[in-house]
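Below is one structure, written out as structure tokens; comments come after it.
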Amino acid sequence: DAGVIQSPRHEVTEMGQEVTLRCKPISGHDYLFWYRQTMMRGLELLIYFNNNVPIDDSGMPEDRFSAKMPNASFSTLKIQPSEPRDSAVYFCASSPGQGLTDTQYFGPGTRLTVL
Amino acid sequence: GNSVTQMEGPVTLSEEAFLTINCTYTATGYPSLFWYVQYPGEGLQLLLKATKADDKGSNKGFEATYRKETTSFHLEKGSVQVSDSAVYFCALYPGNTGKLIFGQGTTLQVKP
């Protein structure tokens, strides 16, 4: 299995630009998670989906952030407009689902730099 | 509510030293407990887990025992290597939602 795939691995953009991060979860996994990691705040859960439906988006910082999961094999996290304080590493993770196993499998992350 | 507290880092050890990273938790019910490791430039990966009280998880020489009486899940390794240098995250899964609750992470530096 290829594992969780994220693209791009690195993104450098200017303040005010739109940024789209992409994730392909492991096939057959029912849950998908978006995390953000910074030195100051550590690892933060932004949003997660179950069977393509958003379950908890309470970690999304503000309206500039949005996430979608149009099908079981693809999700996007969009920031519009981006700001320098959005600079972080963004991780996507997937898990098979409750009652089966609760282990999450992380992608390699996207390092976002907003100038 | 549910929460995880880890000892602050960084933890700096010499090669072959004994490692303990403390983790305590607060949870309702009977959570599963995890240790994840993050090597430089990579995503988190599962190191070990335990799903019920007194279970011991182990992997790559690391061990942790689920202690319900002390609400702890301390990570130990008898002899660390330079390649163990990484950030270690303790986490719990409450079982009634889909999400993990992570601690703040502890950085381990092992010097030759």
Side-chain angles (χ1 to χ4, degrees), chain A residues 2-7 9-10 21 23-26 29-60 69 88-111, chain B residues 1-10 21 23 25 27 29-52 55 57-59 62 64 66 73 86-109:
Chain A
V4 175
I5 299 172
Q6 291 187 247
S7 64
R9 293 295 310 276
H10 301 274
L21 311 181
C23 175
K24 176 178 168 55
I26 293 172
H29 282 193
D30 290 338
Y31 282 81
L32 184 138
F33 305 82
W34 282 102
Y35 292 89
R36 178 172 69 176
Q37 186 177 40
T38 61
M39 290 292 291
M40 291 293 293
R41 302 167 80 115
L43 189 67
E44 303 172 276
L45 176 65
L46 300 178
I47 185 172
Y48 75 97
F49 296 82
N50 181 21
N51 292 321
N52 313 336
V53 176
I55 301 301
D56 183 351
D57 65 355
S58 60
M60 295 285 262
M69 192 165 186
V89 181
Y90 291 81
F91 289 104
C92 176
S94 69
S95 87
Q98 285 178 261
L100 297 176
T101 175
D102 31 33
T103 301
Q104 290 185 17
Y105 297 82
F106 282 72
T110 295
R111 181 173 294 277
Chain B
N2 300 307
S3 67
V4 176
T5 303
Q6 294 180 230
M7 64 188 288
E8 286 201 23
I21 300 178
C23 171
Y25 67 91
Y30 303 95
S32 298
L33 300 172
F34 303 79
W35 279 99
Y36 279 79
V37 58
Q38 184 180 27
Y39 297 104
E42 298 184 11
L44 281 71
Q45 56 186 272
L46 179 68
L47 180 59
L48 53 85
K49 63 187 275 190
T51 57
K52 61 183 187 295
D55 268 2
S58 61
N59 186 23
F62 291 89
Y66 189 149
F73 193 56
V87 181
Y88 292 82
F89 291 88
C90 185
L92 73 83
Y93 177 71
N96 57 353
T97 70
K99 61 184 182 181
L100 286 171
I101 310 298
F102 283 93
Q104 72 270 35
T106 302
T107 298
L108 170 66
Q109 298 173 337

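Just so we're on the same page: letters track the sequence lines, and every chain starts at 1.
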For this session: Would you mind checking which part of B/Leu44 comes under 4.5 Å of any heavy atom in chain A, side chain (CB onward), backbone (N, CA, C, O), both or neither?
Result: both
Problem set entry | chain A contact via B/Gln45 - which portion, at a heavy-atom distance below 4.5 Å | neither
Problem set entry | A/Ile55 versus chain B, the contacting section by heavy-atom distance below 4.5 Å | neither
For this session: Sort A/Gln37 into side chain, backbone, both or neither according to what part of it lies under 4.5 angstrom from a heavy atom of chain B.
Result: side chain
Exercise. Does the side chain of A/Gln104 reach to within under 4.5 Å of the side chain of B/Tyr36, using non-hydrogen atoms?
Worked result: yes
Problem set entry | B/Tyr30 atom OH: more than 12 heavy-atom contacts under 6.0 Å | no
Exercise. Atom CD1 in B/Ile101, atom CG in A/Leu45: separation rounded to 0.5 Å?
Worked result: 8.0 Å
Problem set entry | Side chain, backbone, both or neither of A/Arg41 within contact of chain B (heavy atoms, under 4.5 Å) | neither
Problem set entry | Exceeds 12 heavy-atom contacts within 6.0 angstrom, atom CD of B/Glu42 | yes
Problem set entry | From A/Tyr48 atom OH to B/Leu100 atom CG, the distance as rounded to the nearest 0.5 Å | 10.5 Å
For this session: Specify the closest pair of heavy atoms between B/Gln38 and A/Phe91, including all atoms of both residues, with the distance to one decimal.
Result: NE2-CZ, 3.3 Å
Seminar exercise, completed: When rounded to the nearest 0.5 Å, the distance separating CG of B/Leu46 from CZ of A/Phe106 is 10.0 Å
For this session: Nearest 0.5 Å please: distance from the OH atom of A/Tyr35 over to the CZ atom of B/Phe102.
Result: 4.5 Å
